[in-house]
Amino acid sequence: MERIFVSYIDRGMIIAIDGPLASGKGTLARALAAHFSLPHLDTGSLYRAVAHNMMREGYKFNNTAAAADIARHLNINGIIDADLRTAEVGAGASVVAAMPEVRKALFDFQRKFAANPKGAVLDGRDIGTVICPDADFKFFITARPEIRAERRLKELHAAGDNITLEELTKQIEERDYRDANRADAPLKPTETSIILDTSDMGIDEVIQKAVGIIDGTNK
Ligand code: CDP
């Protein structure tokens, strides 16, 4: 408790949430931000915005020079959230996210966000390892691949994307592999990460558990 107490005085509380695709990390991040009145950054949307800009400007996702340039001058004008949530943009995001030049270009913005005196909640793949190694709480959210595929299929179908379960499962396998095996900032828990498998948990249960851990009643 002392650590939390001290950190509240020195600076706001920083909560880092990492995990693979459709593990529930975004939902948990939004809920914790609302509960503790902290600003929230979905860092995946930055990589998605780079991929979206590349599509808009007609580049292939593997064009490192173009991706780095776009990331350095990231233009989010005219992009609405729905544009970023498609399966194609997600797949492109994971390609550009493996490029160290792109990660470097997005680093400062994320660090500055985390340095907000009020504190912050950030979710992504490398928040606990690279962006906020000094976070007060590091959650690593997982779920079985078939559960994640079902969740993401529902979201994509609701958004009008007609991707099949078979194609999505293939994309998830590729994305999981790329995110966990890239040389720069691969997805992995840290030694102090709190690992939560949400496969058999409802959203409210996950939120309650995380809030309980933070409040120190559920350690
Ligand atoms: O919601 P979902 O898990 O599908 O994806 P996301 O969190 O929006 O992230 C999209 C892609 O961006 C991921 O597959 C990662 O390759 C990349 N990413 C990353 O490398 N580092 C982050 N901090 C956040 C996302």
Side-chain angles (χ1 to χ4, degrees), residues 14-30 40-55 61-62 64 67-68 70-71 74 76 79 81-114 120-133 135 138-145 147-156 158-159 161 163 167-190 193 198:
I14 298 178
I15 304 175
I17 305 181
D18 291 302
L21 178 154
S23 53
K25 62 185 184 311
T27 307
L28 177 62
R30 281 190 296 277
H40 165 227
L41 180 64
D42 160 13
T43 64
S45 65
L46 302 174
Y47 296 90
R48 286 174 177 268
V50 173
H52 185 269
N53 270 269
M54 294 199 57
M55 283 165 61
F61 291 135
N62 62 4
T64 306
I70 284 171
L74 193 57
I76 53 165
I79 302 182
D81 195 58
D83 294 337
L84 299 181
R85 300 290 143 209
T86 66
E88 192 183 6
V89 169
S94 128
V95 174
V96 299
M99 300 169 181
E101 298 86 342
V102 170
R103 306 200 73 81
K104 194 163 167 267
L106 300 177
F107 181 83
D108 285 347
F109 177 81
Q110 297 174 79
R111 287 289 297 175
K112 271 190 203 129
F113 191 95
V121 180
L122 289 87
D123 75 89
R125 300 290 189 288
D126 63 341
I127 309 305
T129 51
V130 176
I131 305 294
C132 302
K138 296 180 185 178
F139 289 96
F140 192 88
I141 310 300
T142 63
R144 291 190 295 277
I147 303 266
R148 295 192 280 119
E150 272 168 34
R151 287 179 186 166
R152 184 51 50 95
L153 193 71
K154 259 194 215 151
E155 284 169 17
L156 289 171
D161 191 324
I163 192 163
E167 170 61 14
L168 184 64
T169 304
K170 195 169 141 253
Q171 280 193 13
I172 290 179
E173 281 167 5
E174 281 171 13
R175 188 120 81 91
D176 280 356
Y177 183 83
R178 208 165 26 228
D179 288 350
N181 292 283
R182 65 186 176 212
D184 194 10
L187 171 67
K188 60 172 184 212
T190 70
S193 296
T198 68

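As the structure lists them, so they are numbered: ligands from 1, and atoms in each ligand from 1. This structure is a prediction, so every number in the text was calculated from the model and none was measured. Only heavy atoms go into these numbers, but all of them, side chains included; no hydrogens, no water, no symmetry mates.
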*From R175, E174, R182 - option closest to atom 14 (O) of ligand 1 by heavy atom*: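 Closest candidate by heavy-atom distance is R175.
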So for K25 against ligand 1, with non-hydrogen atoms under 4.0 Å, the contacting part is side chain
At under 4.0 Å between heavy atoms, what of A185 touches ligand 1? The answer is neither
I'd like to know if the side chain of [X] reaches the main chain of [Y], judged simply by a donor and an acceptor atom lying under 3.5 Å from each other, with no hydrogens or angles considered.
X	Y	answer
T43	D123	yes
K138	P133	yes
R48	A93	no

Nearest-neighbour protein heavy atom for [atom], which is reported as residue plus atom name and distance:
atom	value
atom 24 (C) of ligand 1	T43 OG1, 3.4 Å
atom 21 (N) of ligand 1	R103 NH2, 3.0 Å
atom 22 (C) of ligand 1	R125 N, 3.4 Å
atom 8 (O) of ligand 1	R48 NE, 2.6 Å
atom 17 (C) of ligand 1	A97 CB, 3.5 Å
atom 4 (O) of ligand 1	R152 NH1, 2.7 Å

request  = Could you tell me whether R152 and E155 have a side-chain N and a carboxylate O separated by less than 4.0 Å?
outcome  = yes
Assess whether a salt bridge exists between D126 and R103, defined as any Lys/Arg side-chain N lying under 4.0 Å from an Asp/Glu carboxylate O.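 Yes, this pair counts.
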Between the side chains of R151 and T198, does any donor sit under 3.5 Å from an acceptor?
yes
Next on the checklist: If we count only N and O atoms by modelled type, under 3.5 Å, do the side chains of S94 and R175 hold a donor and an acceptor together?
Outcome noted: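 Result is no, nothing qualifies.
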Just which atoms of ligand 1 are under 4.0 Å from any heavy atom in [X]?
X	result
A93	10 (C), 11 (C), 12 (O)
D179	13 (C), 14 (O), 15 (C), 16 (O)
G44	6 (P), 7 (O), 8 (O), 9 (O), 24 (C), 25 (C)

Distance-only N or O hit between ligand 1 and [X], under 3.5 Å:
X	answer
Q110	no
Y47	no
D123	no

Can you confirm whether [X] sits close enough to [Y] that some side-chain heavy atom of one is under 4.5 Å from a side-chain heavy atom of the other?
X	Y	result
C132	L122	yes
L106	L74	yes
Q171	E88	no

Mind checking whether A22 has a heavy atom under 4.0 Å from ligand 1?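 Within the 4.0 Å threshold, so yes.
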